[in-house]
Amino acid sequence: KTRFRTPAAPRSGSAGKPQAPQGAGAGACGGRRAGGTGFRHHVVLIPSLERAQATGYNAVTGGAARSSIPGGSTATMGIMPDTWIRDMAQTKGMIEPFVDRQEREGVISYGLSSYGYDARVADEFKIFTNVYNAVVDPKAFDPSGFVDVKTPVCVIPPNSFVLARTVEYFRVPRDVLVICLGKSTYARCGLIVNVTPLEPEWEGHVTVEVSNTTPLPAKVYANEGLCQFLFLKGDSPCETSYADKAGKYMRQTGVTLPRL
């Protein structure tokens, strides 16, 4: 018959009776056999919150909170603070031009924040148009599907879409991955910002996609904040970076259309 065994033998107390290990929750099952059938209850030990935090216990997997990688080691990826971002921008050219504080007076905020960098949108925009009945095909993109506009204020038509770029030029370190989120001010107006991750050792102006999800025209202000970049640093450099792969968007400048 199949038997369910406890992960470790229970310790004996002063009276010789089995005791639950220290830190076990009140809901742990006993180790008695059930009804003489030969089956044994499985003991689930739930450590206290303090013990879980101290040991890195993961309540879902029952193991360490850090992810394991081949070789038996573990890997973590932490979000980097303003001090690190400032140092990397000023000494390694990670962000150019770089604003080392939040600028917010009379503008949609941009510059260095606590754990990220709020980038500005440049005054170059490509607005979707159906005037020429172009088909959007990522493998054979037709530039006639866009209208090029250079303006301090871009008006996105209802339920339409524009491509733009950041004012800043980014150089991503080899052990860093960068992700982007839209700013709250635009999100509350129905404007959704989408940027794919900036891979290790990628560099260039970031092409930004902005969707107007409302039935009304919407404004985007050039040279003001549009999105926030978050910098995730790994324990060690990656084996293959974007530069190693000679990625097709490496060192892109201006608003860059899809490439195959």
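With sequence neighbours excluded, the residues forming a side chain to side chain donor-acceptor pair (under 3.5 Å) with Thr207 are Gln252, listed by chain and number. The ring pair (Phe, Tyr, Trp, His ring centres under 6.0 Å) check on Tyr117 picks up Phe98, with sequence neighbours excluded. Judged as a side-chain contact (heavy atoms from CB on, under 4.5 Å), and not counting sequence neighbours, Ser114 has no contacts.
Through chains of ILVMFWY side-chain contacts below 4.5 Å, Phe161 is grouped with Phe128, Val136, Phe141, Phe146, Leu163, Val255, Leu257. The hydrophobic cluster around Leu260 extends to none of the other residues, as no ILVMFWY side-chain heavy atom falls under 4.5 Å of it. Through side-chain heavy atoms spaced under 4.5 Å, either directly or across other Ile, Leu, Val, Met, Phe, Trp or Tyr residues, Tyr169 is tied to no other residue.
Atoms CZ and CD1, on Arg171 and Ile95 in that order, are 11.0 Å from each other to the nearest 0.5 Å. Atom SG of residue Cys238 and atom CD of residue Glu199 lie 8.5 Å apart, to the nearest 0.5 angstrom. Interatomic distance, CE of Met80 versus CG of Asp87, reported as 10.0 Å (0.5 Å rounding). Distance SG/Cys180 to CG/Asn194: 8.5 Å, rounded to 0.5 Å. Taken to the nearest 0.5 Å, the CD atom of Glu201 stands 10.5 Å off from the OG1 atom of Thr240. With rounding to the nearest 0.5 Å, the separation of CD1 in Ile127 from OG in Ser160 is 7.5 Å.
In the hydrophobic clustering of this structure, Tyr221 groups with Phe125; members are Ile, Leu, Val, Met, Phe, Trp, Tyr whose side-chain heavy atoms approach within less than 4.5 Å, directly or through other members. There is a path of hydrophobic side-chain contacts, each under 4.5 Å, that joins Val153 to Val107. Connection of Val147 to Val208 is established within a shared hydrophobic cluster, with ILVMFWY side chains joined at heavy-atom distances below 4.5 Å, either directly or through further cluster members. Val121 and Val167 sit in two unconnected hydrophobic clusters of ILVMFWY residues. Membership requires side-chain heavy atoms under 4.5 Å apart, directly or through other members. By the criterion of side-chain heavy atoms lying less than 4.5 angstrom apart, applied directly or through intervening Ile, Leu, Val, Met, Phe, Trp or Tyr residues, Met250 is grouped together with Val206 in one hydrophobic cluster.
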inquiry  = Walk me through whether Glu224 and Arg120 qualify under salt bridge (Lys or Arg N to Asp or Glu O under 4.0 Å).
reply    = CA-CA 5 Å; Glu224 298 187 21; Arg120 291 165 288 176; over 6 Å; no
* Are Ile108 and Lys183 close enough, and set up right, to give a side-chain contact (heavy atoms from CB on, under 4.5 Å), and what steps lead you there? -> CA-CA 9 Å; Ile108 298 174; Lys183 288 186 68 67; 3.7 Å; yes
Should Val99 and Leu112 be marked as a side-chain contact (heavy atoms from CB on, under 4.5 Å) after you check the CA-CA gap, both sets of side-chain angles, and the distance that decides it?
-> CA-CA 6 Å; Val99 180; Leu112 184 64; over 6 Å; no
Run the side-chain contact (heavy atoms from CB on, under 4.5 Å) test on Leu226 and Val210 for me, step by step, so that the C-alpha distance in whole Å, both residues' side-chain angles and the decisive distance to 0.1 Å come before the verdict. CA-CA 9 Å; Leu226 179 69; Val210 186; 4.1 Å; yes
(request) Begin with the C-alpha distance, continue with both residues' side-chain angles, and end with the deciding distance and a verdict on side-chain contact (heavy atoms from CB on, under 4.5 Å) for Val162 and Cys154. (result) CA-CA 9 Å; Val162 301; Cys154 175; 4.2 Å; yes
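Looking only at side-chain heavy atoms (C-beta outward), Asp123 and Thr151 stay at 4.5 Å or farther from each other. Between Tyr242 and Glu203 there is no side-chain heavy-atom pair separated by less than 4.5 Å. No side-chain heavy atom of Val178 sits under 4.5 Å from any side-chain heavy atom of Leu232. Annotation: side chain of Trp84 is in contact with side chain of Val176 (closest heavy-atom distance under 4.5 Å). No side-chain heavy atom of Asp137 sits under 4.5 Å from any side-chain heavy atom of Asp142. Using a 4.5 Å heavy-atom cutoff, the side chains of Leu181 and Cys227 are not in contact. Side-chain contact between Asn159 and Thr213: absent, with no pair of heavy atoms (C-beta onward) separated by less than 4.5 Å. Between Arg259 and Tyr249, some side-chain heavy-atom pair lies under the 4.5 Å cut-off.
Taking every heavy atom of both residues into account, Pro173 and Met94 meet most closely at CD-SD, 3.8 Å. A pairwise comparison of heavy atoms in Gly116 and Leu230 identifies CA-CD2, 4.1 Å as the closest pair. Residues Pro200 and Ser241 come closest through the heavy atom pair O-CB, 3.4 Å. Heavy-atom minimum distance, Gln102 versus Gly111: NE2-O, 3.0 Å. Residue Leu191 comes nearest to Ala218 through the heavy atom pair CD2-CB, 3.7 Å, listed as atom of the first residue, atom of the second, then distance. Heavy atoms only, all atoms of each residue included: Ser144 and Ala134 are closest at OG-CB, 3.8 Å.
Judged by distance alone, the side chain of Arg251 and the main-chain N or O of His205 form no donor-acceptor pair under 3.5 Å. The backbone N or O of Lys150 sits nowhere less than 3.5 Å from a side-chain atom of Glu124 that would complete a donor-acceptor pair. Side chain of Ser109 to backbone of Glu103: no donor-acceptor contact under 3.5 angstrom is found.
The environment of Lys219 atom NZ is sparse: at most 12 non-hydrogen atoms of other residues, nucleotides or ligands sit within 6.0 angstrom.
Phe229 pairs in a ring pair (Phe, Tyr, Trp, His ring centres under 6.0 Å) with only one of the listed residues (Tyr115, Tyr110, Phe170), which is Phe170. Each of Val220, Ile156, Val155 was scored for a side chain to side chain contact (heavy atoms under 4.5 Å, CB included) with Asn212, with one residue passing: Ile156.
Ion pairing between Asp118 and Arg104 fails under the 4.0 Å rule for side-chain N and carboxylate O.
Residues Gln228 and Ser113 bring a donor and an acceptor atom of their side chains to less than 3.5 Å of each other.
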